[in-house]
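Structure first, commentary second.
For the numbers below, each heavy atom of this structure counts, side chains included, while hydrogens, waters and symmetry mates do not. The shown structure was predicted, so the numbers you read here are calculated from the model rather than taken from an experiment.
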Amino acid sequence: MSTAASSRPSPASAARRRAVIDALRRGAVPESGLDLLATGLDRFEAALDAELEAVAAGSSVFKAVRGEYGSGKTFFTRWLGERAKRRGFALAEIQISETETPLHKLETVYRRLTERLATASFPPSALRPVVDAWFYALEEDALADGAGDEDLPEAVEKLLVARLTEVSRHAPSFATALRGYKSALADGDEATAAAVLAWLGGQPHVAAAARRSAGVRGDLDHFGALGFLQGLLTVLRDSGHNGLFVVLDEVETLQRVRSDARDKALNALRQLIDEVHSGRFPGLYLLITGTPAFYDGQQGVQRLAPLAQRLATDFTTDPRFDNPRAVQVRLPGFTQESLVGLGATIRDLYAEGATSPERVKSLADDAYIADLARAVGGALGGKVGVAPRLFLKKLVGDVLDRIDQFEDFDPRQHYRLTVTSSELTDVERNHAASGSADDIDLDV
């Protein structure tokens with residue numbers, strides 16, 4: 001029993017195409033199917049795949065991704081996450097924020113990790129299926145070693161202790177909670193089992209009776225969280241997964257928090273990097289995203305010299321020669337040419353499921369897509385780099401959908417690009433051209 005899946009990529013089925021197109025229509029980054037859209041990422045593939053293979057073999061990797069708003073950081077991390085999932089990794093994407101998930105409180109980060117934990121077979125939260133698969137694997141291993149039905153529980157207990165020996169040195173309550181969960185299930189006490197598993201996932205305010213039943217006390221703290229992460233990695237490995245791919249997204253929000261909280265968060269990040277590099281977390285690929293201002297500014301990484309040293313990467317050369325094996329990689333962002341290329345890819349993907357594919361490709365040809373990309377960039381103050389989200393939303397929802405549904409619709413005759421303030425993100429709004437962004441004509 002395993003919650004992992006085959007490493008073979010899925011074909012471009014109608015369902016995958018529809019999921020991607022639906023997300024773009026909403027102005028969102030698709031949760032899956034990003035391999036259908038990936039353009040310009042081939043230069044990263046060899047180095048990143050090698051890192052994933054190393055993690056699957058028992059190593060650990062820390063990676064930092066830098067890019068301006070709109071450069072595709074979320075797309076990049078989900079694209080890499082899909083590649084990890086095809087290699088049998090579990091995934092967790094965590095949004096760092098001052099109020100919901102402050103980085104300096106690692107117990108909260110761990111809790112969000114278990115809440116967002118997903119595998120190829122189970123959506124978030126996949127914690128319970130993973131734990132159940134682990135106990136099943138322990139039973140299978142015990143039976144393979146010659147255990148009978150009568151002594152199976154004792155044999156499973158011995159395996160549990162052996163597998164979690166290293167974890168128990170740092171967080172003995174992790175193994176204790178697993179025993180409590182298994183015991184509650186054996187007694188048919190589903191409520192207690194669920195409560196103990198919630199505590200194992202870092203949830204606060206678990207009923208005292210459930211904690212007493214499992215032999216644990218209190219709530220998870222900052223230091224215990226690292227031990228629990230170590231335990232989770234062991235459980236994942238033994239239940240058939242090759243590793244855990246974790247994204248800490250929008251770390252640049254640390255620049256906007258109080259100075260004391262910012263300093264604690266930066267130090268927590270430094271601690272995480274050191275723990276990863278020390279080999280404490282075999283099977284972990286930890287990735288963070290941030291803007292250049294976060295990595296280079298005095299309110300970000302540069303505020304803590306040891307952290308700045310760990311993330312230091314030379315970006316003074318031509319971006320063509322950036323080292324994808326470095327601890328920090330940069331996304332150059334979109335140009336007019338690359339944005340048009342992405343638009344053409346989306347158009348062709350859309351056409352595969354359209355009523356009249358040739359009509360879609362003819363009316364939304366490359367020249368029209370280039371005009372639309374130029375117009376959307378103009379609506380955002382000429383900042384093509386922050387235009388992809390809005391451009392793809394307009395292309396799918398305003399142009400391609402209408403071509404597909406109305407036989408007499410011609411975008412050059414019947415469509416005028418309009419961009420209203422309400423449909424822009426804060427960053428896009430800040431880049432919008434001076435004056436009103438409403439009713440911007442598409443110049444064709």
Strictly below 4.0 Å, N to O, side chains only: are [X] and [Y] in salt-bridge contact?
X	Y	value
Lys73	Glu252	no
Glu82	Lys85	no
Asp260	Lys264	no
Arg18	Asp22	no
Arg310	Asp274	yes
Arg86	Asp49	no
Lys158	Asp145	no

When rounded to the nearest 0.5 angstrom, what distance separates [atom1] in [X] from [atom2] in [Y]?
X	Y	atom1	atom2	answer
Glu115	Tyr110	CD	OH	11.0 Å
Leu269	Leu254	CG	CG	7.5 Å
Leu117	Leu232	CG	CG	6.0 Å
Gln302	Gln309	CD	CD	10.0 Å
Ile288	Tyr295	CD1	OH	4.0 Å
Arg258	Asp263	CZ	CG	11.0 Å

Stepwise, does the side chain to side chain contact (heavy atoms under 4.5 Å, CB included) test hold for Asn267 with His104?
-> CA-CA 8 Å; Asn267 191 59; His104 67 282; over 6 Å; no
Is there side-chain contact between [X] and [Y], with at least one heavy-atom pair below 4.5 Å?
X	Y	value
Leu178	Trp134	yes
Val109	Thr101	yes
Val235	Phe174	yes
Glu154	Glu150	no
Leu244	Leu113	yes
Glu45	Arg43	no
Thr289	Thr74	no
Phe75	Leu41	yes

Donor-acceptor contact below 3.5 Å, side chain Ser278 vs main chain Glu275 = yes
Heavy-atom donor-acceptor pair, Arg66 side chain to Gln328 backbone, under 3.5 Å = no
Please give me the minimum heavy-atom distance between [X] and [Y], naming the atom from each residue.
X	Y	result
Phe294	Leu266	CE1-CD2, 4.2 Å
Gly81	Leu91	O-CD2, 3.3 Å
Thr317	Arg330	O-NH2, 3.1 Å
Leu138	Leu159	O-CD1, 3.4 Å
Arg128	Glu190	NH1-OE2, 2.7 Å
Ala23	Val29	CB-C, 4.3 Å

Side chains of Arg389 and Tyr69: donor-acceptor distance under 3.5 Å anywhere?
-> no
Taking only residues two or more places apart in sequence or in another chain, which ones pass side-chain hydrogen bond (donor to acceptor under 3.5 Å, both in side chains) with Glu53?
-> Arg87
Please walk me through it: do Glu157 and Arg179 pass salt bridge (Lys or Arg N to Asp or Glu O under 4.0 Å)?
-> CA-CA 8 Å; Glu157 171 65 20; Arg179 293 191 190 92; 2.6 Å; yes
List the steps, then state whether side chain to side chain contact (heavy atoms under 4.5 Å, CB included) holds for Asp221 with Glu107.
-> CA-CA 5 Å; Asp221 61 16; Glu107 66 274 25; 5.6 Å; no
Report the C-alpha distance between Gln299 and Arg262 in whole Å, list the side-chain angles of each, state the deciding distance to 0.1 Å, and finish with yes or no for side chain to side chain contact (heavy atoms under 4.5 Å, CB included).
-> CA-CA 8 Å; Gln299 298 305 313; Arg262 185 188 312 135; 2.7 Å; yes
Whether over 12 other heavy atoms sit under 6.0 Å from [X] [atom1]:
X	atom1	answer
Glu337	CD	no
Arg325	CZ	no
Asp42	CG	yes

Check against side chain to side chain contact (heavy atoms under 4.5 Å, CB included), Phe391 and Ile369 = CA-CA 10 Å; Phe391 164 66; Ile369 289 175; 3.8 Å; yes
Of Arg78, Arg112, Arg116, the one forming a side-chain hydrogen bond (donor to acceptor under 3.5 Å, both in side chains) with Glu93 is Arg78
Taking the six-membered ring where the residue is Trp, are the ring centres of Phe228 and Trp199 under 6.0 Å apart?
-> yes
Would Asp141 and Arg163 count as a salt bridge (Lys or Arg N to Asp or Glu O under 4.0 Å) if you check the C-alpha gap in whole Å, the side-chain angles of each, and the deciding distance to 0.1 Å?
-> CA-CA 12 Å; Asp141 289 348; Arg163 302 282 172 85; 2.9 Å; yes
